[in-house]
Amino acid sequence: MSMDGCIFCRIVQGDVPAREVFRDDTAVAFLDLSPKSPGHTLVVPTTHTENLTSEPAGLALMADAVTTVARTITDRLGASGVTAQINSGAAAGQEVFHLHVHLIPRYQPGQSPRGGPDEVLTQLLGS
Ligand code: 5GP
Ligand code: ZN
């Protein structure tokens, strides 16, 4: 289900462009527009749900995608680790009210991939 006016629902539906990293039936992953590090990716359930405590529950829908994308970030971007973060509720810093997991690559000094988001996406897609 999608919700009118939700930017992440529009990305899921392909109505708003995004640098898509991964998609399956229950989740979509795309690069964050304001990355905290190169390759910062958001994973969202394809079904609209606001946050961790709202209905329908969404966390399990993203589990496989989170694992796959975290592996891709380490394998293809050379990250040494990945921070996974969910801001659930305005008080937790949530700004977009469609549940999402931030996957923020962590690099050793000097090991960040070069180039902008298009180059990073190419690397992530392995093409
Ligand atoms: P929150 O604070 O809700 O956990 O994080 C929302 C994230 O969504 C922010 O990191 C922000 O940069 C990102 N974001 C907001 N609007 C868009 C958009 O239209 N496209 C993409 N790719 N990222 C967005
Ligand atoms: Zn939505």
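Any value given below was found using the heavy atoms of this structure, including those in side chains, with hydrogens, waters and symmetry copies removed. Both counts, for ligands and for their atoms, begin at 1 and track the order of listing. Worth saying up front: this structure is predicted, and the values here are computed from it rather than measured.
At a cut-off of 2.8 Å, measuring from the Zn ion (ligand 2), the protein N, O or S atoms that fall short of it are Cys6 SG, Cys9 SG, His48 ND1, His98 ND1, waters left aside.
Residues satisfying the ring-ring contact (aromatic ring centres under 6.0 Å, His included) criterion with His102, sequence neighbours excluded, are His40, His100. Taking Glu55 as the reference, nothing meets the side-chain hydrogen bond (donor to acceptor under 3.5 Å, both in side chains) condition, with sequence neighbours excluded.
Side-chain atoms of Ser2 and Gln13 form a donor-acceptor pair, as typed in the model, at a separation below 3.5 Å.
Heavy-atom neighbours of Asp4 CG from other residues, nucleotides or ligands within 6.0 Å: at or below the threshold of 12. Counting heavy-atom neighbours within 6.0 Å of Asp32 CG, excluding the residue itself, gives a total above 12. More than 12 heavy-atom neighbours from other residues, nucleotides or ligands sit within 6.0 angstrom of CZ on Arg23.
The closest donor-acceptor contact from the side chain of Glu20 to the backbone of Gly14 lies at 3.5 Å or more, if one exists at all. Here the side chain of Thr49 pairs no donor or acceptor atom with the backbone of Gly58 at under 3.5 angstrom. Listed for the Tyr107 side chain is no donor-acceptor partner under 3.5 Å among the backbone atoms of Ser37.
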Using a cut-off of under 3.5 Å, which N/O atoms of ligand 1 pair up with protein N/O atoms, and what distance separates each pair?
| from | atom 1 | to | atom 2 | distance (Å) |
| --- | --- | --- | --- | --- |
| ligand 1 | 2 (O) | Gly93 | O | 2.8 |
| ligand 1 | 2 (O) | Glu95 | N | 3.4 |
| ligand 1 | 3 (O) | Glu95 | N | 2.7 |
| ligand 1 | 3 (O) | Val96 | N | 2.9 |
| ligand 1 | 3 (O) | His100 | NE2 | 3.1 |
| ligand 1 | 4 (O) | Asn87 | ND2 | 2.9 |
| ligand 1 | 4 (O) | His100 | NE2 | 2.8 |
| ligand 1 | 4 (O) | His102 | NE2 | 2.8 |
| ligand 1 | 5 (O) | His100 | NE2 | 3.2 |
| ligand 1 | 5 (O) | His102 | NE2 | 3.3 |
| ligand 1 | 10 (O) | Asp32 | OD1 | 3.2 |
| ligand 1 | 10 (O) | Asp32 | OD2 | 2.5 |
| ligand 1 | 12 (O) | Asp32 | OD1 | 2.5 |
| ligand 1 | 22 (N) | Leu31 | O | 2.9 |
| ligand 1 | 23 (N) | Leu33 | N | 3.4 |

